[in-house]
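Please read the structure below before turning to the comments.
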Amino acid sequence: MTVRLFTNARLVCPVAGVSQGGLLVRDGRIAEIGKVAAPSDAYTTDLAGATLAPGIVDIGVFAVDRAAFRAGGITRAATMPGVSGERDDDALSLHRIVPGLVGEDLFEMAAAKRRGAVAVSTGRSWIGDSGLMRRVMAYAAALDLPIVSHAEDAGLVGDAVATDGATATRLGLASAPAAAETMAVMRDLFLSEVTGARLHFRQVTTAGALDIIRAAKKGGAPVTCGITPAHLFLSDIAVEDFRTFAKLSPPLRSEADRQACLRAVADGTIDLICSGHDPKGPEDKRLPFAEAEAGASGAETLLALSLGLVRDGLITVDRLFALLAANPAKLIGVRAGTLEPGMPADLIVIDEGAPWRIDALRMQARAGNTPFDGLPTQGKVLQLMVGGKLVA
Amino acid sequence: MSEIDHRPGSQIKGGAVFPHRHLLGIAGLQPHELLFLLDEAEQWIDMNRAASKHDGRLEGLTQINAFFENSTRTLLSFEIAGKRLGADVVNMAAATSSLKKGETLIDTAVTLNAMRADVIVIRHAASGAVGLIADKVDCPVLNAGDGRHEHPTQALLDALTIRRRRGSIAGQIVAICGDILHSRVARSNILALTSLAAQVRVIAPPTLMPPAIEELGVTTFTDFDKGLEGADVVMMLRLQNERMSGGFIPSTREFHALYGLTAERLKRAAPDALVMHPGPMNRGVEITSEVADMPGRSAITEQVEMGVAVRMACLDILTRRARKVEGWA
């Protein structure tokens, strides 16, 4: 296998921090980092100061969309239940999250784990029956599989498509209180305590729920949570004019909740940032708001938007890669997400400052349903390497 | 009281007085634009009361009334309005539409457009659906009610009724009562009346009060009697059949006891308070017959009359550009 040396890089590692230097890849793994003497058989690339970081590990995507992942710097993705095209290949490492239930019955989690499943999920919705959820969590806990939960109390949500507030009221959209998330988070936390299951909330988006999680973490609960850039950079006013690209699940929240999410990223309550990648074409989106499907095409905007958190001074860039790579890798139990020697060479080369404009019509993704259409942003992936192989 | 622009339409030249292609809602309209629509409607009231009710200005134009949700009164009102202006009016009812066959709303819009309509009046059960269609057609679109979102011509006819009966809209205390949560009539009225500087109160059971409605500039009451105190206009809303029992209110009996407008209750309002209802009424539920038919106080039939005039004004104004009316082309 090729030996490859990157020189003159701005190395960003969630563990070792930020430094200047080189990185040597041998046999598909990171062999050396820092002041590396070039071996005679090495193919050398001078990065001229560009950023070299671990590839993004994206938890809970709804589609395997290689072009979007390539553009977005995603080297590993954990797919939500029911996603087709899950075959692993050179371009991407895929991990499966499997459903906790089929109808009202437990899913064959042990068999799934043997075939490589890394977590058990409630899918796009919440399991309303607490007794059933308890059994799902107890069963998963015994297999040491984490639970990936969608936290929205089904009863409070009903047919809601937006969060309670002036925007939903003005538009005449059925809405639910933000407390629907707090309620769901509280119940699942209690069940985690009862069953001992490791619990990950795929997206937590409200001040109330984040406060509960912050307190639970302090008490040592085995809980983690994620968020997508949409809930960090947009509030419910983005659905004004019935913009279905901004119809998400959970729905966009109030500005106060958005600010609480930013604080929770800064103070470490939020463990990871994911894309929630869910490409939807016009047949699913060009509909009256209530009938349109929820979800956004997020893979190729994940990195650029997340770098905004660094530009805004909220977090450091090495901390960002803990949120984008090291923490999600740890959650699903794979060795990846840092630049430590011995790790698989899943790497991305980034021009952090490269400006571009998000354009729904020019996305690499299968569909351009982004709520950020038209937004100028910064940060481009120049090269992407999976297991030591460059991906074109 | 907020500052409003009282410039009458006559002082603004030509099409600049109403620079909108469609009428999708009250949101986005300036106070002087609302007043212009009301002023324009006045002439049609006079004509509609005359023996000959015909004006040929829409001669040769095709008006499609596309109603994806059942309606008798609004559809009839738009049909009469169009015909009195000379338009060829075609009605498309939901039951006969191809939406039932799985055609998407966008395809339906494109189809309507290909029929070369000159103005399309649309009612749809989904909030935002009318705007979605309007984006896909070349002619003006009039929203005749979309979900819980807006029903602009209803708000205009209510404003016109209030202005004619009370002398002005600014400063009037208007109490809107009933199922606010599911009501597009309430939303459009709140927007229009607050924009024209009325003091708007909304009165509803807590289960039928929309969240954060105060942010639209209204005062909220769950106690009907308190909300009625001194009101100049009492606007009752229809309680939809599907809300009459179960999840939102316990029963029509209890709803009537707490939120039904009776002659006794009406005494709490201003002595000459106007009673309004968009219809069709549930007599004995949200309003008693005694109040609904109270001479001098009930404006309910007048609202229906104003409806035709307002819709004629909207059809006229929205087609002026296509008809190349001087100053509008």
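Throughout, a chain's letter reflects where its sequence line sits, starting with A, and its residues are numbered from 1.
Interface remark: A:A290 contributes no atoms to any contact with chain B (heavy atom separation under 4.5 Å). Of the atoms belonging to A:E291, it is side-chain heavy atoms, and not backbone ones, that fall under 4.5 Å from chain B. Of the two parts of A:T169, the backbone and the side chain both hold a non-hydrogen atom closer than 4.5 Å to a non-hydrogen atom of chain B. Using a 4.5 Å cut-off between heavy atoms, B:R187 contacts chain A through its side chain alone, with no backbone atom that close.
Within 6.0 Å of CD1 on A:I237 lie no more than 12 heavy atoms contributed by other residues, nucleotides or ligands. Shown here is A:M186, whose CE atom has no more than 12 heavy atoms of other residues, nucleotides or ligands within 6.0 Å.
Across A:G165, A:P177, A:P288, A:G172, the residue that shares the most heavy-atom pairs under 4.5 angstrom with chain B is A:G172. Comparing B:S127, B:A212, B:S183 by how many heavy-atom pairs each has under 4.5 Å with chain A, the most go to B:S127.
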* To do: With salt bridge (charged side-chain N to carboxylate O under 4.0 Å, His left out) as the test, would you mind laying out the steps for A:D267 and A:R214 before giving the verdict?
  => CA-CA 9 Å; A:D267 74 11; A:R214 191 176 287 119; 2.9 Å; yes

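Paired with B:H277 under the rule side-chain hydrogen bond (donor to acceptor under 3.5 Å, both in side chains), one option of B:Q303, B:R238, B:E286 passes, and it is B:E286.
Here A:D278 pairs with A:R124, A:K280 under the salt bridge (Lys or Arg N to Asp or Glu O under 4.0 Å) rule; sequence neighbours left out.
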